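What follows is a set of notes on a single structure, which appears directly below.
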Amino acid sequence: MSGHTLRIATWNINGVKARIDTVSAWLREASPDIACFQEIKSVDEAFPGDAFEALGYNVTTHGQKGFNGVALISKKPPEDVRRGLPGDDSDEQARYLEAVFSTGDGVVRVASIYLPNGNPVESEKFPYKLAWLDRLYGHARSLLAFEEPLVLAGDYNVIPTPADARFPENWTGDALFQPQSRGAWRRLSALGFTDASRAVAPRDELFTFWDYQAGAWQKNNGIRIDHMMLSPQAADRLVCAGTDKHVRGWEKPSDHIPVWIELAA
DNA sequence: ATGCCTTGTCGCACAAGA
């Protein structure tokens with residue numbers, strides 16, 4: 001061990017154009033080595049990469065018009081960039097971006113994931129979510145064969161357990177808390193991934209999302225849906241984890257907050 | 001609660017989010 005740590009974060013920023021100042025302020029404060037963004041809501045050509053490059057970052061995007069879209073912001077340039085989740089060539093939604101980064105101690109593979117919301121459950125959106133979870137399972141299993149530090153980070157749109165919601169009874173009919181969604185989450189975990197936030201703080205609230213509506217933030221009506229899943233080789237290097245909850249109280253906040261880990265590097 | 005906010009779109013309201 002060199003004694004250094006690699007700081008990796010994930011944040012659903014809810015629109016990069018509306019969040020340039022907020023995101024820039026957070027990058028200055030948190031100084032992550034790698035940041036995974038979701039819901040950039042921008043095509044690649046319109047992504048304001050200059051603002052982040054001015055802070056010393058490389059910018060890699062996988063966007064689409066209006067909705068969805070993911071990005072990787074990194075102090076070191078990415079290698080082996082993969083855009084899109086394998087398993088369905090007809091899927092045109094930009095929800096998956098993966099790359100490899102060199103560190104002081106080998107490489108780390110990082111994915112920025114924006115899982116489908118899936119509501120309402122009686123619509124076609126819910127089976128799309130479950131199919132996407134199945135595809136993620138298959139791809140994650142294939143990546144585990146590399147036996148390297150791997151971080152699957154992002155907005156999973158899954159509330160894993162009742163402890164991950166302030167009012168779990170309010171979510172029983174929601175796609176985020178359906179038995180099928182939670183079952184798919186458990187199957188992914190059972191492949192051998194470590195839920196970094198829970199591993200470090202088993203009993204804390206650790207909410208990552210508070211709705212803009214009905215004073216959810218003021219009432220602490222939150223849920224934990226942004227997760228960082230670590231391969232065994234990444235989990236072996238886990239030093240600490242946390243959330244930047246104070247960012248939810250800033251001007252023009254996203255409805256999600258940054259979630260981060262530090263890996264020995 | 002179909003509501004409550006917020007963002008993006010080429011809008012003069014709407015879809016989507018969670």
Side-chain angles (χ1 to χ4, degrees), chain A residues 10-26 36-48 51 61-71 91-96 112-130 132-133 153-182 184-185 197 205-227 243 245 247-259:
Chain A
T10 180
W11 190 12
N12 179 324
I13 61 175
N14 187 21
V16 69
K17 298 182 191 74
R19 213 71 63 208
I20 294 176
D21 292 343
T22 306
V23 170
S24 296
W26 173 77
C36 308
F37 291 154
Q38 299 88 38
E39 277 207 274
I40 63 174
K41 297 185 176 180
S42 170
V43 294
D44 296 335
E45 308 78 58
F47 190 93
T61 62
H62 179 45
Q64 70 178 84
K65 187 172 185 175
F67 305 105
N68 307 322
V70 286
D91 184 3
E92 297 184 346
Q93 300 190 30
R95 296 179 174 276
Y96 186 92
S112 181
I113 294 170
Y114 179 45
L115 228 132
N117 173 299
N119 280 304
V121 294
E122 59 275 6
S123 73
E124 75 288 349
K125 294 180 179 181
F126 189 55
Y128 173 68
K129 174 183 193 148
L130 297 179
W132 211 96
L133 275 160
D155 177 0
Y156 279 71
N157 270 316
V158 174
I159 304 169
T161 75
D164 297 308
R166 177 71 180 79
F167 301 108
E169 65 274 18
N170 290 353
W171 297 92
T172 53
D174 196 284
L176 280 60
F177 199 52
Q178 288 303 294
Q180 298 99 313
S181 306
R182 295 165 59 192
W185 161 267
S197 300
E205 278 185 343
L206 298 173
F207 299 150
T208 67
F209 169 90
W210 295 262
D211 202 287
Y212 289 121
Q213 303 181 74
W217 168 243
Q218 289 75 12
K219 298 173 186 170
N220 192 31
N221 179 8
I223 51 178
R224 188 174 79 96
I225 56 175
D226 299 270
H227 309 298
T243 61
K245 185 176 178 179
V247 171
R248 186 62 178 80
W250 284 358
E251 294 289 324
K252 275 186 77 70
S254 169
D255 39 8
H256 297 248
I257 60 168
V259 177

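This structure is a prediction, so every number in the text was calculated from the model and none was measured. Residue numbers start from 1 in every chain, and the chains themselves are labelled A, B, ... in the order their sequence lines are given, proteins ahead of strands.
Within 4.0 Å (heavy atoms only), A:Asn14 reaches sugar-phosphate atoms of the nucleic acid but no base atom. Across all strands, A:Lys129 comes closer than 4.0 Å to no nucleic acid atom at all (heavy-atom distances). Using a 4.0 Å heavy-atom cutoff across all strands shown, A:Tyr156 reaches no nucleic acid atom at all. At the heavy-atom level, A:Asp226 lies nowhere under 4.0 Å from the strands shown. Using a 4.0 Å heavy-atom distance criterion, A:Asn68 is classed as making no nucleic acid contact.
If you take CZ of A:Arg19 and P of B:dG17, they are 16 Å apart, rounded to a whole angstrom. Rounded to a whole Å, the NZ atom of A:Lys41 is 14 Å from the P atom of B:dC10. Rounded to an integer number of Å, the gap from A:Asp255 CG to B:dA16 P is 17 Å. In this structure, CD of A:Glu39 is placed 10 Å from P of B:dG8, rounded to the nearest angstrom. The distance from atom CG of A:Asn221 to atom P of B:dC5 is 14 Å, rounded to the nearest whole Å. For the pair A:Glu251 CD and B:dT7 P, the computed distance is 12 Å after rounding to whole Å. Rounded to an integer number of Å, the gap from CD of A:Glu124 to C1' of B:dA16 is 12 Å. Look at CZ on A:Phe67: it is 12 Å from P on B:dA18, rounded to the nearest Å.
With the nearest nucleotide of DNA chain B identified for both A:Ser42 and A:Gly118, A:Ser42 has the one nearer the 5' end. DNA chain B is contacted by both A:Lys65 and A:Ile225; A:Lys65 maps to the nucleotide lying nearer its 5′ end (nearest heavy atom per residue).
Residues of residues 209-217 of chain A that place a heavy atom closer than 4.0 Å to DNA chain B, in numerical order, are A:Phe209, A:Tyr212, A:Gln213, A:Ala214.
Judged purely by distance below 3.5 Å, without hydrogens or angles, the side chains of A:Asp44 and A:Thr61 pair a donor atom with an acceptor atom. A donor and an acceptor atom, one from each side chain of A:Tyr212 and A:Asn14, are located under 3.5 Å apart.
Under the 6.0 Å distance and 45° angle rule, A:Arg224 does not count as a cation-pi partner of A:Phe207.
Here the options are A:Trp26, A:Phe209, A:Trp210, the test is ring-ring contact (aromatic ring centres under 6.0 Å, His included), and the partner is A:His256; only A:Phe209 passes.
Using a 4.0 Å cut-off, some side-chain N or O of A:Asn117 falls inside it from OP1 or OP2 of B:dA18. Between A:His256 and the phosphate of B:dA18, there is a side-chain N or O to OP1/OP2 separation shorter than 4.0 Å. Applying the 4.0 Å criterion to OP1 and OP2 of B:dA18, one finds that A:Tyr114 has a side-chain N or O inside that range. A close approach under 4.0 Å does not occur between any side-chain nitrogen or oxygen of A:Asn12 and OP1 or OP2 of B:dG17.
Annotation for A:Glu92: atom CD does not count as buried by contact number, only 12 or fewer foreign heavy atoms lying within 6.0 Å.
Distance check on atom P: B:dA13 versus B:dT2 gives 24 Å, rounded to whole Å. With both ends at atom P, the span from B:dC10 to B:dA16 equals 14 Å, rounded to whole Å. Between the P atoms of B:dC12 and B:dA1, the separation comes to 32 Å (whole Å).
Residues A:Trp217 and A:Lys245 approach most closely at CH2-O, 3.7 Å, considering heavy atoms. When all heavy atoms are compared, the tightest approach of A:Phe37 to A:Ile40 is CB-CG2, 4.2 Å.
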Open item on the list: Let's go through A:Arg95 and A:Ile113 carefully: what are the C-alpha distance in whole Å and the side-chain angles of both, what is the deciding distance for side-chain contact (heavy atoms from CB on, under 4.5 Å) to 0.1 Å, and is it a yes or a no?
Closed with: CA-CA 6 Å; A:Arg95 296 179 174 276; A:Ile113 294 170; over 6 Å; no
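Residue-to-nucleotide contacts include no donor-acceptor pair under 3.5 Å from the side chain of A:Asn157 to the base of B:dA18.
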